[in-house]
Amino acid sequence: MDQILDGLNSAQRAAVTSPAAVVQVLAPPGSGKTKTLTSRVAYLITQNGLEPRNIVVCTFTIKAAREMQERIRGLLGSDTANRLVLGTFHSIARRFLVRYGSRIGIKSNFGIADTSDSTAIVNRIVKRLHLTIEPKQARARISKAKAQCVSCAEFAVKHQGANMQEFSAVYAEYEDHLRVSNLLDYDDLLLRCADLLRRFPECVARIEAVLIDEFQDTNTVQYDLMVLLAQQRNVVTSVGDPDQSIYGWRSAEVKNLQRMVDLWPETHVAKLEENYRSSALILNLASELIQQDTSRPAKALEATLPMGPQPVLRQIPSAKIEALWIVGEVQRVIRRTCGMIGLGDVAILLRSASLSRLVESALGRAGVPYRMVGGNKFFDRIEIKLVLDYLRAIENSNHNEAVARIINVPSRKIGDATVARLLEDADARRLPLWKIILEIVRGETKVTDKVSPQAQRGLEAFVNVILSARKRLTTMSSEKKSLADFITFVVQKAGIQDHLKRTKAEDFDNRWANVQELVAQATDIVETAPGESLETSTEVIDHESPSPFQDETVLETALTTLLANVALSAESSAQASDQKGLVTLSTIHAAKGLEWPIVFIPAVVEGIIPHSRAEDTDEERRLLYVAMTRAKAFLYLSIPSRGSTGDATSMSTFLSSKALKPLLANAGSQLGSREIKEIALILRRECPTERALSVAAAAEDAQDNRWLSHEDESESWNDDEDHAYAVGHRQSTSNGRSCMIYQSRQGLPDQNVDSQYGCKPTMMNQKEFTSAAAAFSTKFVSASTLQQTSENTPIGEGARDRPSKKNKSASSQSVQSQGSITSFFGKPTVPTSGLASDRPHKLLSRAPLGVIQNPPRATESKRDAEAFIESKPLSKPITLHTTSMQRIESHRKTLGVKRSFNGWESRQHR
DNA sequence: CTCAAGTGCCTTTTT
DNA sequence: GGCACTTGAG
C-alpha cells in the first residue's frame, strides 16, 4: 500500500484513493498522468480486491500500452500485470470479437483490413460504379461516419444530396465487400465490438473496472465502448487533458469529458496541477502558448523544477542548415555536459514524417545513430508487405486485396490488364477473386477470352504456391519455432528471394535482411503484444462457449494472431527495447505521452505548424503545445527562412505573439557549470564534477570547432544543372585558417560557389590539390584514391558488414583518419551509391578537386558563417540543394543505422 | 496486344 | 513510395 502511494502528491493521492466509482483525472503535461493511472489500478487491486483479469485498461498506442504494463509490473509484479486486460482500444476490441464475435455473426478468424486495403476496396468500387467522387475522400468519410457511429443506412437517410447518394452507395458496397471477405477495418473493430457488448452484455459480466488513458482523444465509438465495457459495475477511471487533444481529425471528441460527467453525475473530477517534467522556463513558454486559445478555460499548471536553460527560437537560413545546426547543437550539449546527457536523451519532433529527410541526412552525415517513431512502419516496407500479403492470402483467401497484390509478384506473366479483368469478374459475380482464379485453373470456366495461355500458366503457379502453403499450415507440427519455419516455407515457395534479387538488386542485402528479420521475430510478435489475457486465460472467462479456435491448429491461430498484431502495429518486445542511446526522430503525434531531456522542434513555420491543410488551428496550436511539453531541460524551436524546396517561409503565427518573445533566446545556452548543475537537478541526474566540466569547456574553446560545415557532397550532384558541385567550408583546426573545397563536374570554376561564398575558386590539378591540402596541414584524399575506393566498394557492401556504425568499410576508415576535412570526401559510399550504377563514377573521374583558399576574415562567406554562428542575421542566405531519399538510404547504409520495427528508416509504402 | 520499365507528379497527423 | 502515364520489347 505504502509502496503504491509513495511519491504521490496530495492531488494524485486523492485521485488514486478516491472512493468514487467514477473518477475523471484532468492531468496536464508532466503531472504524473501515467503514474496516477497505474497507481489507481494497483489501488483497485490491493485495496478494493478487484481481480486483475477483470480490469480493462485502454490506451491509444501500443507504446502507451507497453509503458503502462511495465509500470504496473514494477508496482505489482509480472503475474498481475500480465493478467490485466490491457491494450489499445483496437486490440481489446479485437480480442472480444475473436472470443464472442460469433454471436453477432463474425467468424473468429476474421482478418483486419488496413488503410491500404480499405483504399484499394473503395478505389475499385468507385471505378466499378463509374462514380466521380475521390476514392481517398470517400474512404476518409466512411471512416469518419463509422467513428461517429453512423451506419450506411443512417447515412443515406441523413444525407440526400446527389453527391451524398453516390457516397452512400460506396459506403454500402464497401461494407458489403468487407462482410463477404471476412474482413473488419479499424473502425469496425470498435463498432462491432460495441455492437456485441450492447446486445450481449454478459460478455463483460466479469468486468469490474475500466480505465482509459488519454481520454480527450476518444471518439464516439470509443466512448460508447468505454461505457459498454463498464456497464456491469460502472467503475471507471479516465485520465486526460483537453489541452492535449490532437486527434480531432480522427473524430476525437473533447466533449466526451463532459458527457462522462453528465452520464455519471457522481463523478469525482480530480485536477492535477503540478508539473514534474519540464523546467520552469519551458513550462512558462508552453503555458503562454496554450493561453493564446481564448476559448480555453483558464487552468493552473505549476512548475516544480528550476528555471533551466532558456528555450531557444532559432532563425536559420535554410532547412538544410537547420538540420546541420540541430546535429551540431546536439553534439555540443553532449560534449559540454560530459556524458550526463547522451544521444538517447534527444528527440527531434516533426509535424509530418516527410520533414525527416534533411534531418536524417544530417544525422547520417555526422554519424549519429537514430531511430524513428511514427511515420511508416517496418511492416510497410515493400518486401515485408509482400510476405505478409502472402500470409494473409493463405490465411484468408477471401482477402481480395492481398491476393491481387501478390498474384503477379514475383512476376508470373499475369499483367495488370488480366488482374483487372479477373477482379471485375469477381466483383460482378460477388465472388472472391480467389474463387475465380481457382475456377480458371481447374478449367471450370472457359477462359480463352479472359486469360492468355501464359497468364493461365501463371495462375496455376500462383494457386500451387497458396495451396501447398495452406496444406503445410494444417499439417505442420505446432512447436514454438514452427511459425518461423512456415514463413520461411512460404517465402521459398513463392520465390521471394529471387524476386528481390532481380528487382531490388542494388539493395538486395537490406531487403532480404528485413525478410529474415520478420521470420526471426514472428513468434515474438505473436507472443509479446501486451495483455493477451483475454485469449490466454480462456478457461476462466467463459465456460459455456467453446474456444473460437477449436477447429484450428495452433499454427493457424498463431498466424492469425501474427497478422492481427501486425495490423494493429504491435512491435516485438525485442524491437521495443534495445533502442537506448539513439537519437529519436518522431512525429509529434507519436511523441505524445513521452518525454526527453532535449527536444528539437524544427520548421515551426506557417504551413507546417499550423499545417496548411489543417482545419482546426487550435488543434495545431495544441500540437505545438504537446511538442514543447515533451521537453525536460532543453527546448529548441527553429524556423528555416527557406523550406526544403527553397521557397521563402514565415514564422508560425503561434510564435509571433509579443508575449512569447522575452521567453525565447536566439541561441543555445553557453552551458556554464552553474547551468549544468541546474540541469542535473531538473533531470535528477548526477552532475559531472567541476573539474570534468572545466576540462570539457576548455577543450571546446581550444577546438573552436564551431564552424558549420556547409559541405554537401552527395546532394550537390545534380545532373539537371550545368554545374553540379560540392562545397566544403571549414576552418582548419590546427592553424586556424579556413578553407573551402569544391568539386565541379565540368572542371570549371563555379559561378554559384563564387557568388555564394564571395571568393575566387582556384582550379588545381590533383598534385596541386594535394599540396594545397598539405598547406592546411590536413591531408586530403586524392582523386585517385577516391576512385579506387569507389570501385572497390561494390554497391550494397556497406550493409553486409553490419551491425553498428563501426561498419564503415576499411578504406573509408583510413580515409577518415586523415583529418577532419577529409570526411568530406572520405565516404566512399557517397559517390558509389549517389550515382546510378550503370555509369560508374564518371563524374568523379572527370572532376578535379579543388581547394579554395579563403583569406582570414576577408570574405562575405566568412562573415555569413560567423554571423550565423553568432546568431546575427545573415547578410545573404546560403542556398543548398535539396536531398533525395536514395542518398539518405546510402548514408544509412554507411552508418549501419539500426533497423527498427517502428521505423521510417526505409519508407516504402504500399 | 500485353507486360515491364521508366518518367513526372505528389506526399498531415494514426489504430 | 504511390499513382498516372508513356515508351519499348516481345
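Here is the naming used below: chain letters follow the sequence lines, and residue numbers restart at 1 for every chain.
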A:W249 and A:H589: CA distance, side-chain angles, deciding distance, ring-ring contact (aromatic ring centres under 6.0 Å, His included) verdict | CA-CA 12 Å; A:W249 53 275; A:H589 284 90; 5.7 Å; yes

Using a cut-off of strictly less than 4.0 Å, decide whether A:N219 has a side-chain nitrogen or oxygen near OP1 or OP2 of B:dT15.
-> no

For B:dC3, does OP1 or OP2 lie under 4.0 Å from any side-chain N or O of A:S411?
-> no

Tabulate protein N/O versus nucleotide N/O from nucleotides 8-10 of chain C, keeping only pairs under 3.5 Å, one per line.
none

Of the listed nucleotides [options], the one nearest the side chain of [X]:
{"X": "A:I382", "options": "C:dG2, B:dT13, B:dT15", "value": "C:dG2"}
{"X": "A:Y247", "options": "B:dT14, C:dG2, B:dA4", "value": "B:dT14"}
{"X": "A:T418", "options": "B:dT14, B:dT15, B:dT2", "value": "B:dT2"}

Is there a donor-acceptor contact under 3.5 Å from the side chain of A:E620 to the main chain of A:H611?
-> yes

Is there a donor-acceptor pair under 3.5 Å between the side chain of A:E322 and the backbone N or O of A:A603?
->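 Confirmed, A:E322 side chain pairs with A:A603 backbone.
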
Whole angstrom is fine here: how far is it from [atom1] in [X] over to [atom2] in [N]?
{"X": "A:L422", "N": "B:dT2", "atom1": "CG", "atom2": "P", "value": "13 Å"}
{"X": "A:D117", "N": "B:dT15", "atom1": "CG", "atom2": "P", "value": "16 Å"}
{"X": "A:R405", "N": "C:dC3", "atom1": "CZ", "atom2": "P", "value": "10 Å"}

Can you name the side-chain hydrogen bond (donor to acceptor under 3.5 Å, both in side chains) partners of A:E460, sequence neighbours left out?
-> A:Q456

On the 0 to 90° scale, with breaks at 30° and 60°, tag the A:H90-A:Y186 ring pair as parallel, tilted or perpendicular.
-> perpendicular

State, without any angle test, whether A:Y174 and A:D185 hold a side-chain donor-acceptor pair at a distance under 3.5 Å.
-> yes

Classify the side-chain pair A:N109/A:T560 by whether it contains a donor and acceptor separated by less than 3.5 Å.
-> no

Could you say whether A:R412 or A:F60 is positioned toward the 5' end of DNA chain B, judged by the nucleotide with the nearest heavy atom to each?
-> A:R412

Between A:N408 and A:A614, the residue closer to the 5' end of DNA chain B by nearest nucleotide is A:N408

Mind checking whether A:T587 and A:L350 have side chains closer than 4.5 Å, heavy atoms only?
-> no

Heavy atoms under 4.0 Å, any strand shown: does A:I414 hit a base, just sugar-phosphate, or nothing?
->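 Since only primed, P, OP1 and OP2 atoms lie under 4.0 Å of A:I414, the category is sugar-phosphate.
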
Examine the base of B:dT15 for any acceptor or donor lying under 3.5 Å from a partner atom in the side chain of A:T115, and report the outcome as yes or no.
-> yes

NZ/NE/NH1/NH2 to OD/OE distance under 4.0 Å, A:K385 and A:D114 = yes

For nucleotides 8-11 of chain B, give me every protein contact, N/O to N/O, under 3.5 Å, one pair per line with atom names.
residue	atom	partner	partner atom	Å
B:dT11	OP1	A:R613	NH1	3.4

